[in-house]
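Take a look at the structure set out below.
Proteins get letters first, then strands, A, B, ... in listed order; numbering begins at 1 in each. Only this structure's heavy atoms are used, side chains among them; waters, hydrogens and symmetry mates stay out.
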Amino acid sequence: MNFLSPDFSPAYSEIFILLMVCLVMLVDLAAGEKRRYITYGLTQATLIGCAFLTFATFSEETTLTFSGMFVDDAMADILKLMVFATVSAVLIYSHTYVRDRGILTGEFFCLILFATLGMMVMISASHFLTLYIGLELLSLSLYALVALRRDSLMATEAAMKFFVLGALASGFLLYGMSMVYGATGSLHIQKIAEVIAGGVNNHEVLVVGLVFIVAGIAFKLSAAPFHMWAPDVYQGAPTAITLFIGSAPKLAAFAFVMRLLIDGLGNLVADWQGMLVILAVLSLAVGNIAAIAQTNIKRMLAYSTISHMGFVILGFISADWNGYSSALFYVITYVLMTLGIFALIMILCRNGFEAEEINDFKGLSKRNAWYAFMTMILMFSLAGIPPMVGFYAKLAVLQAVVNAGFVWIAVAAVIFSLIGAFYYLRIVKLMYFDAPETDELITVKSDVKLLISVNGLAVLLLGIFPQSLMGLSLYAIQNSM
Amino acid sequence: MLFGIPLLSLVIWLPILFGLVVFATGGDRNAQLARWIALAGSTLGFLVAIPLYTGFDPSTSAMQFVEEHAWFERFNVDYHLGVDGISMPLILLNCFITPLVVIAGWQVIQERVSQYMGAFMMMSGIVNGVFAALDAVLFYVFWEASLIPMFLIIGIWGGPNRVYAAIKFFLYTLMGSLLMLIAFIYLYQLSGGSFSIADYHQLPIPLDAQILIFIAFLLAFAVKVPMWPVHTWLPDAHVEAPTGGSVVLAAIMLKLGGYGFLRFSLPITPDASHYLAEMMIVLSLIAVVYIGLIALMQADMKKLIAYSSVAHMGFVTLGFFLFNAYGIEGAMVQMISHGFISGAMFLCVGVLYDRLHSRQIADYGGVVNKMPVFAAFFMLFAMANAGLPGTSGFVGEFMVIMGAVKINFWYAFLAATTLIFGAAYTLWMYKRVIFGAIASPAVEELQDISRREFMILAILALAVLWLGVYPFPLTEVMHATVDNLLEHVGNSKL
């Protein structure tokens, strides 16, 4: 290992994005308010460039670099490509919304790119420090993004809550990591795994550390009982930012769990399995039951996220490649659905009007049959009704859960998703069975129109041909374990 | 496969394709076009289903017209289709009913016509998929997908309480199916990674697991049939649904549950089926007797027919759990015949409702004076519903009662009370609606049925009479399959 000249090639896309953020910042200063489309274009170009670099340097082999602190494997590349696509879609969807609310500033783009870099670092981390740096870079960017609309009381309050609770979670995580470090004497994820496999004397210290780590993970995943921040932040943040928080970071969070819990502490499966079961079942219960009572669509979707994260966690409890690939498949489909649904909420927003209440969906099928159809597909998919892709995600996870011998947990999961089906159906009911309260035309830019159609149809078509995405998830997991 | 044409795929995807075309006609300006495309599609759907009957080999119990392609390898799921003597008649029934439903909604539906017609076309294809699927996941996908169009049909075009009914319908049936999904996944595990239904038929399963699987299946199928005590969604859904929706619900959707028992519960968990047979028989008899009494008290015509459906479907489940050829074949005949009769009954009520916009029996009276042709048709279907010999309603009930006598006299006795209750509630309703003095000025102004309505009712009347007088073509195709099923159920799988 030569410290003086580490192998930079696995991190080309990270280095590229970092340089580009600086460039975007400078260019934005020069371009100014009137020519902000240059900043926008440059940001999209950055993401495309990153995707190209990641794609070009793709290899099935696992490479470690920077003294083993940074890893590049199939899962990392695939997740990063997904992140780029998601962030790019977020930018397209949110452009009009953000512009109308006067927060389409240079900072908006920079923060989004910094958050993306944070996610990339999280995905590729193989060392507790790298993992933590990536996480903080992501989190701090997100706090700032939520607070971007600083004249809005709601947004500021949400940012404050997000920040305080997020910092608490980070503290938990660091404390847990330090315990693990104390027990194993290393921060390298692989070395930790080796030490634990060889047997450690102070198992108790390790388990206490594990508890804090799992709590930290639960915070970041917004799993119950550490979910309190999610509804407030989802509701308070501008919808475009909620879309961002709800989508791409979930992909990074998946990698986070994989690196920390599976790669690092995989041998403690007997200890964390029970914790995850509790988190998963509680999330399913809290998410699905609390969502019924919501009248604010963003708050409802926050609870829906909590329940979906319960399903993702269920994928991990089987502790084998089958379960992990199911969880990955679930996360990807979840991100696809979240993108679509928040985009539709923004489509319903107009200048000076926020579509916040579920009643804003009333009579949508009469106002615009196509968007109503898209929303219906997404709602049925979130509820897990075939032939939408959401069903296959649930099928994959339930199959892994039953395979691991937790038949009763699978039964509990489907009963909670039955309860959950109600509030998704309620949206369909509002759109199709009720009369519209306004007949104002819905005007949408053509790029958004195209993307939302692709997004909605993908949910349907991936349901009819699920093999490609399932195969990809399986490939990603099997080539990085 | 006949001449290399994948018939079953055609039967499934043709209506769905036509449904998409109908959707694409857009708003109500093109309503007439949507109607004609739907009629063409559904008629074509029926025509392509006919070779399933003519090309069917009744001497074997094996699956016919089989198609098998890998669908997604990750879970070893195949696009696997095939029919036997149980599923083929049900597919034909479905393809037969769809054009009638399209015609029945021709004038009544004036709002969002393309969506209405498209939903029914979709529904038809999806239901064919349920009957033809030989892979558990494929089956489940079609099974659940069928909820979506029905949910929209009830919710958009239904009566005043439609939202409640639609959501109740959806959640009730979803509850049952989700547990079935867990059962499938468990079987997938047990069989070492197969979702093939045929593999499940051969799979040995310990009794306690069989009982749990049976109960999971039972919840799914009992809700659909529906059996007492999970029948309460049916009257709500039926009453609120538009006429076409009620027809499809009664004639087709209920059969999904009955089919499920024959394809899944009995062959996959035969020991549990025997073990729990008495419970099933008791539940069925409660449906027959108790629901029959409830039907007697209804003031709403649609509700009355809905309850009578529950009672008639009680015969179906009773027949299944007698474990003899009379019982199962009788139940099958009863399913097909109930498809015709209940469909016809709902259409008759629809005819009245379209004119008077009331389903209350009390609002009618003396209709025969104004609508003699209609009264004659209604009479025939009412008699068939009561199980009059010579109509299809009699054949199935008689066979099931015969089967029950062989097991236990009292089962047969209680089942036979339906001939009294059925006659009582149907004919009493008939009398109050059709005979007597003209009840109101509105009745005074009734017009007799149009040519379109005459055609639909005449076709159904022919079917009911033909099946009542000469059921052989139907029983012939199912003999081999039923015998094989009985033999299979007779062998323990422990």
Side-chain angles (χ1 to χ4, degrees), chain A residues 322 325-326 329 365-366 369 373 376-377 380 383-388 391-392 394-405 407-422 424-426 428-434 463-475, chain B residues 23 26-27 70-75 77 79 111-112 114-115 126 129 137-148 151-158 162-164 166-190 193 195 209 212 216:
Chain A
N322 185 5
S325 74
S326 301
F329 181 59
S365 79
K366 289 214 178 82
F373 180 61
M376 182 175 76
I377 289 182
F380 279 123
I385 308 292
M388 269 46 100
F391 161 70
Y392 301 89
K394 289 207 164 73
L395 173 73
V397 166
L398 289 174
Q399 174 271 340
V401 171
V402 172
N403 189 20
V407 179
W408 290 107
I409 293 177
V411 172
V414 297
I415 288 173
F416 286 123
S417 39
L418 174 70
I419 297 171
F422 171 75
Y424 298 121
L425 278 185
R426 190 168 52 182
V428 178
K429 172 232 157 198
L430 288 169
M431 290 189 305
Y432 278 88
F433 306 169
D434 289 355
I464 297 171
F465 306 102
Q467 171 63 26
S468 51
L469 198 54
M470 278 185 180
L472 188 71
S473 313
L474 191 61
Y475 173 85
Chain B
F23 279 136
W71 180 22
F72 51 102
E73 292 92 2
R74 170 74 171 82
F75 294 115
V77 175
Y79 176 76
E111 212 180 303
R112 305 204 223 179
S114 66
Q115 293 180 19
I126 291 169
V137 171
L138 187 65
F139 171 83
Y140 188 82
V141 168
F142 281 126
W143 173 274
E144 291 270 276
S146 72
L147 295 183
I148 298 175
F151 173 72
L152 295 176
I153 288 168
I154 299 174
I156 297 178
W157 296 278
R162 61 208 159 85
V163 173
Y164 170 78
I167 290 185
K168 187 172 181 181
F169 161 77
F170 196 100
L171 291 182
Y172 236 106
T173 32
L174 186 65
M175 173 191 77
S177 357
L178 281 171
L179 289 171
M180 175 171 74
L181 179 67
I182 299 287
F184 284 151
I185 294 173
Y186 180 80
L187 286 166
Y188 171 77
Q189 229 54 60
L190 206 64
F195 273 119
L212 288 176

Q: For residues Ala421(A) and Leu171(B), report the shortest heavy-atom separation together with the two atoms involved.
A: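 Closest pair (atom of Ala421(A), atom of Leu171(B), distance): CB-CD2, 4.0 Å.
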Q | Gln467(A) versus Trp71(B), closest heavy-atom pair with distance | A |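 Residues Gln467(A) and Trp71(B), closest heavy atoms: CB-O, 4.1 Å.
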Measuring only between side-chain heavy atoms, which start at C-beta, is [X] closer than 4.5 Å to [Y]?
X: Leu147(B); Y: Ile385(A); answer: no
X: Arg112(B); Y: Tyr432(A); answer: yes
X: Gln189(B); Y: Val407(A); answer: no
X: Val77(B); Y: Tyr392(A); answer: no

Let me know if [X] has heavy atoms under 4.5 Å from chain B in its side chain, its backbone, both or neither.
X: Phe422(A); answer: both
X: Leu395(A); answer: both
X: Ser365(A); answer: side chain
X: Ala383(A); answer: neither
X: Lys394(A); answer: neither
X: Val401(A); answer: neither

Just how far is it from atom [atom1] of [X] to atom [atom2] of [Y], taken to the nearest 0.5 Å?
X: Met376(A); Y: Leu152(B); atom1: CE; atom2: CG; value: 5.0 Å
X: Leu178(B); Y: Phe416(A); atom1: CG; atom2: CZ; value: 13.0 Å
X: Leu474(A); Y: Phe75(B); atom1: CG; atom2: CZ; value: 8.5 Å

Sort [X] into side chain, backbone, both or neither according to what part of it lies under 4.5 angstrom from a heavy atom of chain A.
X: Ala166(B); value: side chain
X: Ile126(B); value: neither
X: Phe142(B); value: neither
X: Tyr140(B); value: both
X: Leu181(B); value: side chain

Name the option with the most non-hydrogen atom pairs under 4.5 Å to chain B; the candidates are [options].
options: Ser473(A), Pro387(A), Ala410(A), Pro466(A); value: Pro466(A)
options: Phe380(A), Phe465(A), Phe373(A); value: Phe380(A)
options: Val428(A), Ile415(A), Leu425(A), Val411(A); value: Leu425(A)

(Q) Would Tyr424(A) and Phe170(B) count as a ring-ring contact (aromatic ring centres under 6.0 Å, His included) here? Give the steps. (A) CA-CA 12 Å; Tyr424(A) 298 121; Phe170(B) 196 100; over 10 Å; no
Q: Select, from Phe151(B), Tyr186(B), Trp157(B), the one with the greatest count of heavy-atom pairs under 4.5 Å involving chain A.
A: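 When all of Phe151(B), Tyr186(B), Trp157(B) are compared, Phe151(B) has the most.
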Q) Between Arg74(B), Glu144(B), Glu73(B), which residue shows the highest count of heavy-atom pairs closer than 4.5 Å to chain A? A)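 Heavy-atom pairs under 4.5 Å are most numerous for Arg74(B).
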Q: Quickly, which of Asn403(A), Leu398(A), Val414(A) forms a side chain to side chain contact (heavy atoms under 4.5 Å, CB included) with Ile185(B)? Name it, please.
A: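 Of the listed options, the one satisfying the test is Leu398(A).
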